[in-house]
Amino acid sequence: MPEVTGGEVVVRTLQAHGVDVVFGLPGVHALAIYDALYAHSEVHHITVHHEQTAAYMADGYARVTGRPGVCITTTGPGAANTAAAMGTSYFDSVPVLNVMSQVASNLVDRDKGALHEPKDQLGFFRAVTKWNARANGIEHIPAVLHEAFRTMLVERPRPTQVEVCTDHLAGKVDSEAVPWLMPSQSFSRRAAEPALVEEAARALVSAEAPIIWAGGGVNRAGAWEELVRLAEVLQAPVVTTVQGLGAIPYDHPLALGYRPYDRAFTPLIERSDLLLAVGTRFAAGQTANWNLKMPASLIHVDIDAGEVGKSYPATLGLIGDARLVLGQLLEALGSHRAPDCWAGDVAALRSQVAGNFKAAGPLEMAVLDDIRQAVERDAILVLDQTKPAYWAARSFPVYEPRAFLYPGYGTLGYGFPTALGAKVGMPDRQVVCIVGDGGFQYALPELATAAQFGINVTVLLFNDGGYGILRVLQDIDFQSHYYAVDLLNPDFGRLTAAYGLPYVLLKDADGLGPALRRALESDRTTVVEVPVDFARPTAWPSPPPHPAGRPRRRRGRP
Ligand SMILES: Cc1ncc(C[n+]2csc(CCOP(=O)(O)OP(=O)(O)O)c2C)c(N)n1
């Protein structure tokens, strides 16, 4: 009888769930997994220089493909190094599976001082996962991994963790004794209660001025086609949260093109009698800390029943996968076609908002315009926590779904490693990372990962010599007591060259467009450094005066 190791059961189970690339950093307890990867070259492994990068890469891969990203880490400190990245994926509902080793099964949680012995590794990761478990023996591995995939693919997508003790990974059993698996295609997603769908359709048909709020759930569930069709059927303008960007193309006539927290949204809500929210938890940042008022009627579509009514009372909750539920609504609406009650208001409001942005941050908006014009329509932007990224989150025109990766958790150091994972997931698309000198230095050694594995992204490095946004806050709140915000930066040119990668230094933000175009033609990761100090804007964009009066009543309502 052929025998298999626990490590091999891990790798074959991942394969059975469609995994063909993993991101990781080996350690002594996890080596049996690596030995199985050695034997199964169909599963590609990308070796990183810090475990947080493995988890960020898995996050980037998952956000752009819609499939779970998988990282492999080793017991104790190696695994713990992924915590900020796992927290980011948790915050933004991204399906990342962290497969990790544990000490030998007879030593777990005994505090005897075994090498890398973690204190309650499952407890540690409970805080940043929706589900986690230890496989108690080789035969248990397929079922535990399968459950991790099930929870990420069927329920709200959030990170999971599976750990296997090192003796189980290295141990062997008869392959026929392993309960090999049910493939992931057998997972079926949840649709909404048909009677509630009918009720929602009736409410949508009789609404006078409905608007749609598209959250990250639309991108995660792959529901953008249904969303756009529904918006067209209802003639309802769509506002997108930062995680929902690209769910409707920015140049679609019904795309509002700005985020709900923008004060420009207020008059629109005041005019609307029904808001259809899809895949959103109405997070603080999107609702001005829940100060945004909602229309009288709110229909909330979400895979997670716990979100419905949590921050805003819902008139009706439709619990299910966004794609399925929007499909159900379209079916229930049948041949209904709403008249256009907003006429030119959407376009007028959009252009006013764009004007406000330009007036409030001329340099920031010029930089973003240059970027937008240089990259392809479906380019993927990955944002770190740097001044131009905040402006981009407010205003960047996104035309394709899953093309704007922003850490809602506010995680500094996210951008560059996540961009690498996004490129692995979508090798044929341009991937541009927007990062400051502070954030880039979280993951500089990953320039080696880019070079070694031929991962080609473009890094736009905005260098202001410190933690610039904190200087701004010290200005505003602490009488300009600049403290702990200046950085002694390396020579980024020599540093990039040390990894054999191209680098361009601009004098200032002028010339960014042509430099970015050239960098995008490179066949290797290229760093474009832009020395710039985005001064504190004179004013944040203020709400535009409302272009029209009350919405026209619809004619021909059924
Ligand atoms: C993991 C983490 N640590 C600290 C912070 C706090 N923080 C937010 S932005 C920032 C400064 C970023 O500096 P840089 O990347 O140079 O961009 P800049 O603000 O200068 O544009 C810091 C320290 C954070 N958001 N996340």
Side-chain angles (χ1 to χ4, degrees), residues 50-57 59-60 80-92 94 127-128 159 242 283-285 360-361 363-368 370-371 381-396 405-419 432-447 459-478 480-492 495-496 505-506 508-509 512 527-537 540:
H50 188 296
E51 291 82 0
Q52 69 169 1
T53 296
Y56 284 134
M57 285 186 81
D59 176 289
N81 272 342
T82 63
M86 297 286 284
T88 306
S89 304
Y90 187 87
F91 191 96
D92 286 342
V94 181
V128 286
V242 175
L363 178 57
E364 290 84 349
M365 294 310 289
V367 160
L368 294 181
D370 284 349
I371 297 172
L381 244 68
V382 187
L383 294 300
D384 206 81
Q385 295 296 281
T386 180
K387 289 180 188 169
Y390 310 134
W391 285 84
R394 288 183 143 78
S395 65
F396 198 76
L405 276 48
Y406 186 91
Y409 198 33
T411 324
L412 189 64
Y414 170 86
F416 178 48
T418 305
V432 176
C433 162
I434 294 184
V435 67
D437 47 312
F440 191 36
Q441 292 188 74
Y442 271 62
L444 287 176
E446 307 307 346
L447 284 166
V459 178
L460 280 182
L461 167 60
F462 291 94
N463 188 350
D464 60 4
Y467 296 132
I469 191 68
L470 296 179
R471 285 189 189 133
V472 171
L473 297 177
Q474 289 176 341
D475 258 339
I476 298 173
D477 294 328
F478 298 95
S480 304
H481 295 162
Y482 302 130
Y483 191 76
V485 289
D486 293 333
L487 291 172
L488 175 68
N489 285 334
D491 177 332
F492 287 109
L495 191 111
T496 310
L505 174 63
L506 302 184
D508 52 34
L512 174 61
V527 177
V528 179
E529 182 178 345
V530 191
V532 63
D533 191 3
F534 294 104
R536 184 178 154 199
W540 290 104

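When a ligand or atom number is given, it counts from 1 through the structure's own listing order. Just so we're clear, the structure is a prediction, and the values are computed from it rather than from any experiment.
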Next on the checklist: Could you check whether atom 6 (C) of ligand 1 has a protein contact, counting only heavy atoms that fall below 4.0 angstrom?
Outcome noted: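 When distances to the protein are checked, atom 6 (C) of ligand 1 has no heavy atom within 4.0 Å.
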Any nitrogen or oxygen of [X], side chain or backbone, less than 3.5 Å from one on ligand 1?
X	answer
Y390	no
G410	yes
D464	yes

Which residue and atom name correspond to the protein heavy atom nearest [atom], and how close is it?
atom	answer
atom 3 (N) of ligand 1	Y442 OH, 3.2 Å
atom 21 (O) of ligand 1	T386 OG1, 2.6 Å
atom 9 (S) of ligand 1	I469 CG2, 3.4 Å

Checklist entry - Out of V532, D384, L412, L461, who gets a non-hydrogen atom closest to atom 10 (C) of ligand 1? => result L412
Item to check | Side-chain touch F416/T53, heavy atoms, less than 4.5 angstrom | outcome: no
Next on the checklist: Within ligand 1, which atoms have a heavy atom of G438 less than 4.0 Å away?
Outcome noted: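 Result: 14 (P), 15 (O), 16 (O).
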Item to check | Under 4.0 Å to a heavy atom of L470 - the qualifying atoms of ligand 1, by number | outcome: 22 (C), 23 (C)
Checklist entry - Hey, is V435 touching ligand 1 through its side chain, its backbone, both or neither, going by heavy atoms under 4.0 Å? => result neither
